[in-house]
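Here's the structure we're looking at; comments come further down.
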Amino acid sequence: MQITPAVKAILDKYESDNPGVKANLARILMQGRLGGTGKLVILPVDQGFEHGPARSFAVNPDAYDPHYHFQLAIDAGLSAFAAPLGMIETGAGTFAGQIPTILKVNSSNSWATGANQAVTGGVDDALRLGCSAIGFTIYPGSDDLFSMIEQIKELSAEAKSVGIATVIWSYPRGGKLPKSGELALDVGAYAAHMAALLGAHIIKVKLPNDHIEQKEAIPAYEGTDWSKQSDRVRHVVQSCFAGRRIVVFSGGAAKGEDAVYQDARDIRDGGGNGSIIGRNTFQRKREDAMAMLDKLVRIYKNEE
């Protein structure tokens, strides 16, 4: 595998990391149809924990089978597949070496009353299963954030010591943050910056709207038109050490095809590294999901 200049430029920004971490980042960045471009499309399937199996998979019953998702990611030429421990375990042998995997090591469920997650996997599992990275969710704003920060500090240090990369899902919620502020631009940029400060190699956040939630932050945003989503993406990327960290954006709840494609164009035009998109693909019939993922890849390759 010959590393492209675009990928080498990204890896060079991770100045403290050992060859193992850089090799695993390279595996993700060089995988699939976007390999070598510096752009990524990742398939995450952790929604069974968060929403339950029926809400996640009943609309497309084939998706109850974890092998379906491995194969979808491979056939679509995606960059990586992310899932919790049990789902990775079911396909680890069959699909070994065919696509980089990201072990999601904490999860919650829809009955929980607080904004927190339980640790459900470890670095030893990631090593055993041949994963390129661990993934971990934090909830900036939550009263439990500080314990989550301490957890990912320990997990990330252990992962880095054995050459495994870290992906942080940073989703503001809980505490004094109202629901209306969870997607605010200033809140999203703050959450992304927090993940960068925690040592994430890849940062996953939601696309922000143009609302400014924090009164103290309003002066910093005044005088700029934030109506274009690509400009908001650019600001989030800027907040991750001026683009020195890989930033991918969540696909969110199921939405129409045109909205999914426009999001990808805005991520691309704003300098984001790509999409991590689950329900908007696997809740469609396989042929429709393949067509959507094909178009997303072409968008990120500047072919659409």
Side chain to side chain contact (heavy atoms under 4.5 Å, CB included) with Leu207: which of Leu185, Val233, Asp266, Leu183?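 The side chain to side chain contact (heavy atoms under 4.5 Å, CB included) with Leu207 is passed solely by Val233 among Leu185, Val233, Asp266, Leu183.
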
Exactly one of Ile102, Val45, Leu72 clears side chain to side chain contact (heavy atoms under 4.5 Å, CB included) with Phe81, and that residue is Val45

Do other residues, nucleotides or ligands put more than 12 heavy atoms under 6.0 Å from Arg244 CZ?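 Atom CZ in Arg244 is not packed in, count stays at 12 or less.
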
*Residues, nucleotides or ligands: over 12 heavy atoms within 6.0 Å of Tyr190 OH*: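 Not more than 12 within 6.0 Å, no.
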
Within 45 degrees of the ring normal and closer than 6.0 Å to the centroid, is that where the cationic atom of [X] sits relative to [Y]?
X	Y	result
Arg245	Tyr14	yes
Lys206	Tyr171	yes
Lys104	Trp169	yes

Checklist entry - Are Tyr64 and His69 close enough that their ring centres sit under 6.0 Å apart? => result no

Report task. Please confirm whether His211 and Trp226 have ring centers closer than 6.0 angstrom. Result ->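 Ring centres of Trp226 and His211 not closer than 6.0 Å.
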
Could you check whether Asp269 pairs with Lys228 (Lys NZ or Arg NE/NH1/NH2 to Asp/Glu carboxylate O, under 4.0 Å)? no

*Mind listing the closest non-hydrogen atom pair of Gly38 and Asn273 along with its distance?*
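Heavy atoms of Gly38 and Asn273 come nearest at O-ND2, 3.1 Å.
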
inquiry  = Show the nearest heavy-atom pair for residues Ala192 and Ser170, with the distance to one decimal.
reply    =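 Distance-wise, the nearest heavy atoms are N-OG, 4.3 Å.
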
Query raised in the report: Do Glu182 and Val187 touch side chain to side chain, with heavy atoms closer than 4.5 Å?
Result: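 The answer is no, as the side chains (C-beta and beyond) never meet within the 4.5 Å cut-off.
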
Query - Flag side-chain contact, heavy atom, 4.5 Å: Leu296 against Met292 - result: yes

When rounded to the nearest 0.5 Å, the distance separating CD of Gln283 from OG of Ser56 is 6.5 Å

Q: For salt bridge (Lys or Arg N to Asp or Glu O under 4.0 Å), just list the numbers for Asp288 and Lys285, CA-CA rounded to whole Å, side-chain angles, deciding distance to a tenth of an Å, and then say yes or no.
A: CA-CA 5 Å; Asp288 295 335; Lys285 292 181 180 179; 5.9 Å; no

